[in-house]
Trainee: 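Have a look at this one before I ask anything.
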Amino acid sequence: LRAAFAEGIAWGDAKQQLFERIDRELAAPRERYMELMRRPADVEAILQRGAAKARERAAPFLRGLRAAVGLRPLGARPDTAAVARYGAAKPQARAYEFKTWREPDGKFYFKLVDASGAILLHSTSFDSPRAAGQRIAAIKLAAAQLTERAGRLFLDGEPVGTLPDYASLDNLRALLTREDA
C-alpha cells in the first residue's frame with residue numbers, strides 16, 4: 001500500500017484492497033463459525049459439558065463459602081465439615097457507628113453512637129448527603145485533630161457538631177482510633 005500511495009492510489013481502491021486482505025485473513029475463522037452455526041445442538045452440548053464441569057469444580061468451594069458466611073436454607077443444619085474448615089460466621093460487633101438522616105428542613109445530619117447505643121456526637125447540618133459523608137470520612141481519618149470549644153467540636157477549624165454532656169473528647173478520640181473499630 002505504501003508504494004501504491006506513492007503512485008497515487010485512490011482512497012476507494014485502497015479500501016477495496018484492505019477489504020480483500022481482511023476477507024482472506026478471516027476466511028478460515030468464518031468457515032469454522034459457519035460450520036458451528038450449522039450444528040447448534042453440538043455447540044449446546046459442548047457448552048453444557050463445560051457448565052457441568054465448572055459447577056462440579058466450584059460446588060465444594062461455594063458450599064464452604066456459604067457455610068463460612070452463614071448462608072443456608074432455613075431448615076438445614078450447618079455443614080459441620082465446612083464450618084470446621086472455614087470457621088463459623090461470626091457477626092462482628094462494631095465499637096461505633098455513624099448514623100445519617102435527612103430532616104424535614106432538607107438538611108442532612110449524622111450522629112456517632114457507640115456499641116451500647118450511647119450518642120457521642122451530634123453533627124451540624126449539611127446541605128447534601130455527600131458533604132455529611134465527607135465530614136464523617138474526615139473525622140475517621142483525623143480523629144486526633146478534633147478540638148473542642150464550649151461543647152462544640154471542630155476539625156480543621158470547621159464545626160463538626162456537639163458533644164452530649166456525658167461524653168468527652170478524649171473518649172471520642174479513643175473510640176475513633178481503636179484498632180478493632
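In this chain, numbering begins with 1 at the start of the sequence shown.
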Trainee: Hey, what do you get for OG (Ser123) to NZ (Lys99), rounding to the nearest 0.5 Å?
Mentor: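 Ser123 OG to Lys99 NZ: 14.0 Å, rounded to 0.5 Å.
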Trainee: State the CD1-NZ distance between Ile9 and Lys15, to the nearest 0.5 angstrom.
Mentor: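 Between atom CD1 of Ile9 and atom NZ of Lys15 there are 12.0 Å.
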Trainee: Scan for side-chain hydrogen bond (donor to acceptor under 3.5 Å, both in side chains) pairs involving residues 140-160, sequence neighbours excluded, and state none if there are none.
Mentor: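 Found none.
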Trainee: Are Leu47 and Leu36 connected in the hydrophobic side-chain network, where two residues link if heavy atoms are under 4.5 Å apart?
Mentor: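 Yes; tracing contacts between hydrophobic side chains, which count when under 4.5 Å, links both residues.
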Trainee: Within a radius of less than 6.0 Å around CZ of Arg30, do more than 12 heavy atoms belonging to other residues, nucleotides or ligands occur?
Mentor: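 Result for CZ/Arg30: enclosed.
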Trainee: Strictly by ring-ring contact (aromatic ring centres under 6.0 Å, His included), give each pair with a member in residues 24-50 just once, sequence neighbours left out.
Mentor: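 Residue pairs passing ring-ring contact (aromatic ring centres under 6.0 Å, His included), neighbours aside: none found.
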Trainee: Using salt bridge (charged side-chain N to carboxylate O under 4.0 Å, His left out), reason through Arg24 and Glu20 one step at a time and then give a plain yes or no.
Mentor: CA-CA 6 Å; Arg24 279 193 312 272; Glu20 290 169 3; 5.0 Å; no
Trainee: Enumerate, atom names and distances included, each donor-acceptor pair closer than 3.5 Å involving a side-chain atom of residues 108-122, sequence neighbours excluded.
Mentor:
{"residue": "Tyr109", "atom": "OH", "partner": "Asp105", "partner atom": "OD2", "Å": "3.4"}
{"residue": "Asp114", "atom": "OD1", "partner": "Ser116", "partner atom": "N", "Å": "3.0"}
{"residue": "Asp114", "atom": "OD1", "partner": "Ser116", "partner atom": "OG", "Å": "2.7"}
{"residue": "Asp114", "atom": "OD1", "partner": "Gly117", "partner atom": "N", "Å": "3.1"}
{"residue": "Asp114", "atom": "OD1", "partner": "Ala118", "partner atom": "N", "Å": "2.9"}
{"residue": "Asp114", "atom": "OD2", "partner": "Ser116", "partner atom": "OG", "Å": "3.4"}

Trainee: Would you say that Leu172 contacts Leu153 through its side chain, given a criterion of any heavy-atom pair below 4.5 Å between the two side chains?
Mentor: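 Of all side-chain heavy-atom pairs linking Leu153 with Leu172, at least one is under 4.5 Å.
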Trainee: Could you give the distance from OG1 (Thr124) to NZ (Lys107), rounded to the nearest 0.5 Å?
Mentor: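 If I round to the nearest 0.5 Å, the distance is 10.0 Å.
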Trainee: Using distance only, find each side-chain donor-acceptor pair of residues 37-45 under 3.5 Å and give its atom names and separation, not counting sequence neighbours.
Mentor:
{"residue": "Arg38", "atom": "NH2", "partner": "Glu31", "partner atom": "OE2", "Å": "3.2"}
{"residue": "Arg39", "atom": "NE", "partner": "Asp42", "partner atom": "OD2", "Å": "2.6"}
{"residue": "Arg39", "atom": "NH1", "partner": "Glu35", "partner atom": "OE2", "Å": "3.0"}
{"residue": "Glu44", "atom": "OE2", "partner": "Gln48", "partner atom": "NE2", "Å": "2.7"}

Trainee: If you look only at pairs with a residue in residues 159-171, which of them pass as a salt bridge (Lys or Arg N to Asp or Glu O under 4.0 Å), with sequence neighbours excluded?
Mentor: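 Listed once each, the pairs are Asp170-Arg173.
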Trainee: Determine the minimum heavy-atom distance between Ala14 and Phe5, stating which atoms define it.
Mentor: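 Looks like CB-CZ, 3.9 Å.
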Trainee: Quick one: list whatever passes side chain to side chain contact (heavy atoms under 4.5 Å, CB included) with Leu18, sequence neighbours left out.
Mentor: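 With sequence neighbours excluded, Leu18 shows a side chain to side chain contact (heavy atoms under 4.5 Å, CB included) to Ile22, given in chain and number order.
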